[in-house]
Amino acid sequence: MSDGGSAFTRRTHTCGELRLEHVGQRVTLNGWVHTTRDHSHFVFGDLRDRYGLTQVFFGDGDAKLLADAQSLRPEDVVAVSGVVRARPAENVNAERPTGQVELAADRLEILNRSRTPPFSIRDDATVSEEVRLKYRYLDLRRPQMQRNLLFRHQFMQAIRNDFTRQGFVEVETPFLTKATPEGAREYFVPSRLYPGHCYALPQSPQIFKQLLMVAGYDKYFQIARCMRDEDLRADRQPEFTQLDLEMSFPDEELIFATVESAIAHAIETATGAKVPRPFRRITWGESMLRYGCDKPDLRNALQIEDVSAEAKGSDFKIFRGAVDAGGVLRALRVPGGEALSRKEIEGLEGRAKELGAKGLAWSKIDASGKPVGGVAKGLEDAAGKALLAKLGAAPGDLLLFVADRLKVACAALAEVRRQLGERFGGVKKGTLELCWVVEFPLFEYDEDEKAWKAAHHPFTTPIEQYPGQIVKEPGAVAARAYDLVMNGWELGSGSIRIHDRALQQRVFEAVGLSEEAAQRKFGFMLEAFEYGAPPHGGIGIGLDRLIALLLEAENIREVIAFPKTATATCLMTGAPTLADERAMRDLKIRFELPPAP
RNA sequence: GGGGGUGUAGCUCAGCUGGUUUAGAGCGCCAGCCUGUCACGUUGGAGGUCGUGGGUUCAAGUCCCAUCACCCUCGCCA
């Protein structure tokens, strides 16, 4: 058979495989030249593939072989054949699994030369992310990245296995679908057959999975790609992977138990760590009060306290003023916090101010239990004493206060608490704390549009205190919505859905969606719900984030093979590119671009 | 859309208050030497649009303005 000259000796083993037990065997390795050490009369080479490194010895009198070996450069691709031999005892490399042996080469096939790579393929190479992304295929050769992607694969496999074991069916849903104007901005795909019409790429498979429930697939899951045309962050990419699932006839407990099983199984399979179950539960209200946010890091023992009632009787202007203006006074007691310097406290105050706080008041508690420094004077009156008592202030404490609007006070103290977590809150790297945050509000007030809108999505079941509450006081209605949170990161979000057509209509009305508009946007779904929609609910969990957290990566780009930059470009391919004129003609699209500078 | 940071050799960086040479270092690269290295060692060498454009100045890597790229972040992400 003609092979175009590309015949080569196929490997018998990988570069991570050879041990003393192979000594004496004739083997062939295929791989990349990692390094060479040229000693003139002989050459050592390290051959690399994704399984490991094996030392190859060239020499032993064959001049042609030696010359070829001397010509080898990093990242050349070769096939090397020879006999495995034990290294002399003094030359064993104990740091490598293959370090007991080496391959005494008698044949070297250079399969492909490499240009000098822009950086060396090693974990300890310091390379800017920009360069790494441009040469992503080289970056992915680094052992760390190979470990990351392998870990990701194992994690995904374990999830699929556990859902399959639990009787779930993985169903693929369309990429080319109908735009749903609520929620995240969508990517559009123009239709050639229907000029002026567009498909949208799904921001999530939400509607399809609910229709699968109507279709009777009572346990659905999918490892699904989602696309959102929003601005990016370290933990957000324009396309990302969700573990999406939906169940019929559920309650929260069934969904929690199902998800906990799969997530715990996957974490245990991929990391070997034991994940305690059930996960902790905390209501949204409690979380906002104690931790100032809806994604608490429960490893952190520090807790926020509301001392607005005490502030009311205070003579201290900063405390009292905020409460009189309809705001709150919230405090964070930091045991041992007296060790913080003035400068460190100012650093925290800087962060608090970035988040909109007017300031960060503080006082330390001295050995006799008296407040000293900062706003200590404001704590001397009766109200101050009551406040200290409520906080349980003890010698060595640092007390931090934010007097502000509720939202600002929460955000500022949440950030301060987060920053102090490792030093004073007992947060340890490498530990996991998963929890469910439950009973989210159903609606949020949109200040810009002066209207209530769905906090999760408009298919979420309300928990009405009395009939009609969603119209009379929408802000007070809780929802059967829940978030999965790990170490202070939101992993996923879900709810028990509305399956009743009339209730769905009332919720649409509450968010200002008329019958007509609802029909236009979701008519096919509402119609489906008239054919026997079972009660159902589910969740979507961001897998990139979860995997990044487990690998202690700073950034989800570290666990995505070909990620985009913070400005949604691909440095390797150059995407996005200017539209091709002819393709645009086919699509009957013309762009109006601002004039070039 | 706003704020902050970075940009000098292939890579990672230094370059002070504008003037010390022809803008440096380590790694990498190229060439020589080296019979047990494993981040091999050693000798020598090549390599620069100081992100880009404009301005100030006798003189700009350095100061000013604009712009681009990347990173972080606020808004945004039902």
Side-chain angles (χ1 to χ4, degrees), chain A residues 34-48 53-61 66 70 73-75 85 87-96 98-99 102 104 115-135 138 180-186 203-204 206-207 226-238 240 350-351 353-356 411 415 440 442-444 446-448 452-460 479 481 490 493-495 507 511 513 521-522 540 542 554-555 557 564-569 571 574 597:
Chain A
H34 188 62
T35 57
T36 56
R37 294 174 290 280
D38 182 354
H39 290 250
S40 187
H41 297 281
F42 58 92
V43 174
F44 291 108
D46 288 334
L47 201 59
R48 189 196 66 239
L53 279 176
T54 299
Q55 176 163 286
V56 182
F57 179 91
F58 300 94
D60 295 342
L66 184 62
Q70 283 170 327
R73 293 292 178 271
E75 307 312 315
R85 71 185 183 197
R87 299 198 197 182
E90 66 272 22
N91 292 320
V92 164
N93 185 340
E95 281 168 25
R96 272 186 205 167
T98 61
E102 66 192 7
R115 288 170 60 181
T116 302
F119 52 87
S120 60
I121 309 304
R122 307 150 46 111
D123 283 341
D124 57 4
T126 56
V127 193
S128 72
E129 199 176 3
E130 210 171 336
V131 175
R132 290 175 56 202
L133 290 178
K134 180 170 178 192
Y135 300 97
L138 296 180
T180 50
E182 328 300 300
R185 193 179 298 125
E186 294 165 311
Q203 45 169 314
S204 92
Q206 183 62 36
I207 289 173
C226 306
M227 294 76 159
R228 295 182 185 174
D229 188 6
E230 296 289 349
D231 285 353
L232 308 176
R233 290 285 189 285
D235 61 350
R236 296 196 324 228
Q237 281 276 305
F240 60 98
R351 278 296 290 156
K353 283 181 169 171
E354 279 174 37
L355 294 166
E415 174 61 16
F440 271 72
L442 185 66
F443 301 117
E444 275 170 354
D446 186 327
E447 298 285 349
D448 293 335
W452 291 97
K453 61 176 208 179
H456 179 56
H457 59 53
F459 316 117
T460 303
E490 181 198 319
S493 196
S495 64
V507 170
V511 296
L513 204 59
K521 290 174 180 173
F522 307 115
E554 293 294 313
N555 195 303
R557 291 186 295 270
K564 297 200 172 45
T565 66
T567 43
T569 64
L571 294 180

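To find a chain, count down the sequence lines: A is the first, B the second, and so on, and within it residues start at 1.
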Between [N] and [M], how far is it from one [atom1] atom to the other, in whole Å?
N	M	atom1	result
B:C68	B:G53	C1'	10 Å
B:G7	B:U17	P	15 Å
B:C50	B:C13	C1'	13 Å
B:C65	B:G28	P	41 Å
B:U20	B:U67	P	32 Å
B:G45	B:G26	P	13 Å
B:A39	B:C11	C1'	15 Å
B:C27	B:A69	P	35 Å

Please check the phosphate of [N] (OP1 and OP2 only) for any side-chain N or O of [X] closer than 4.0 Å.
X	N	result
A:Arg115	B:C29	no
A:Lys453	B:C77	yes
A:Asn93	B:C38	no
A:Thr569	B:A69	no
A:Ser40	B:C33	no

When you get a sec, tell me which of [options] is the closest nucleotide to the side chain of [X]?
X	options	value
A:Leu133	B:C71, B:C74, B:C38	B:C71
A:His41	B:G36, B:C77, B:U35	B:U35
A:Phe57	B:G36, B:C11, B:C77	B:G36

With a non-hydrogen cut-off below 4.0 angstrom, is [X] in contact with a base, only sugar-phosphate, or nothing?
X	result
A:Gln206	base
A:Arg73	sugar-phosphate
A:Ala455	sugar-phosphate
A:Phe44	base
A:Thr567	sugar-phosphate
A:Pro117	nothing
A:Thr35	sugar-phosphate
A:Asp38	base

How many whole angstroms separate atom [atom1] of [X] from atom [atom2] of [N]?
X	N	atom1	atom2	value
A:Glu130	B:C72	CD	P	12 Å
A:Glu90	B:U35	CD	C1'	13 Å
A:Ile121	B:C11	CD1	P	14 Å
A:Gln55	B:A39	CD	C1'	14 Å
A:Glu415	B:U73	CD	P	11 Å
A:Arg122	B:G10	CZ	P	20 Å
A:Leu355	B:G2	CG	P	20 Å
A:Glu129	B:A69	CD	C1'	13 Å

Tell me which nucleotide, if any, is Watson-Crick or G-U wobble paired with [N] when both distances must be under 3.5 Å.
N	answer
B:A69	B:U6
B:G48	none
B:G36	none
B:C58	B:G19

Test item: [X] and [Y] side chains (from C-beta on) under 4.5 Å apart, heavy atoms:
X	Y	answer
A:Arg48	A:Asp46	no
A:Leu442	A:Trp452	no
A:Arg73	A:Thr116	no
A:Arg122	A:His34	yes

Any donor-acceptor pair under 3.5 Å joining the side chain of [X] to the base of [N]?
X	N	result
A:Arg85	B:G36	yes
A:Arg557	B:C71	no
A:Asp231	B:C76	no
A:Arg236	B:C77	yes
A:Arg351	B:U73	no

(Q) Any carboxylate oxygen within less than 4.0 angstrom of a Lys/Arg side-chain nitrogen, looking at A:Lys453 and A:Glu444? (A) no

Q. Does A:Asp231 come within less than 4.0 Å of A:Arg236, counting only side-chain N to carboxylate O?
A. no

Q) If each of A:Pro118 and A:Glu102 is mapped to the nucleotide of RNA chain B with the nearest heavy atom, which maps nearer the 5' terminus, i.e. the 5' end? A) A:Pro118

**Q.** Position toward the 5' end of RNA chain B (nearest nucleotide), A:Ser128 or A:Arg37
**A.** A:Ser128

Q) Would A:His39 pass as stacked on B:C40, i.e. its ring centre under 5.5 Å from the base's six-membered ring centre and planes under 30° apart? A) yes

Q: Evaluate the ring planes of A:Phe42 and A:Phe44, with Trp represented by its six-membered ring, and classify them as parallel (under 30°), tilted (30 to 60°) or perpendicular (over 60°).
A: perpendicular

Q) With no hydrogens and no angle check, do the side chains of A:Gln55 and A:Thr98 hold a donor and an acceptor under 3.5 Å apart? A) no

Q. What is the distance from atom CD of A:Glu186 to atom SG of A:Cys226, rounded to the nearest 0.5 Å?
A. 11.5 Å

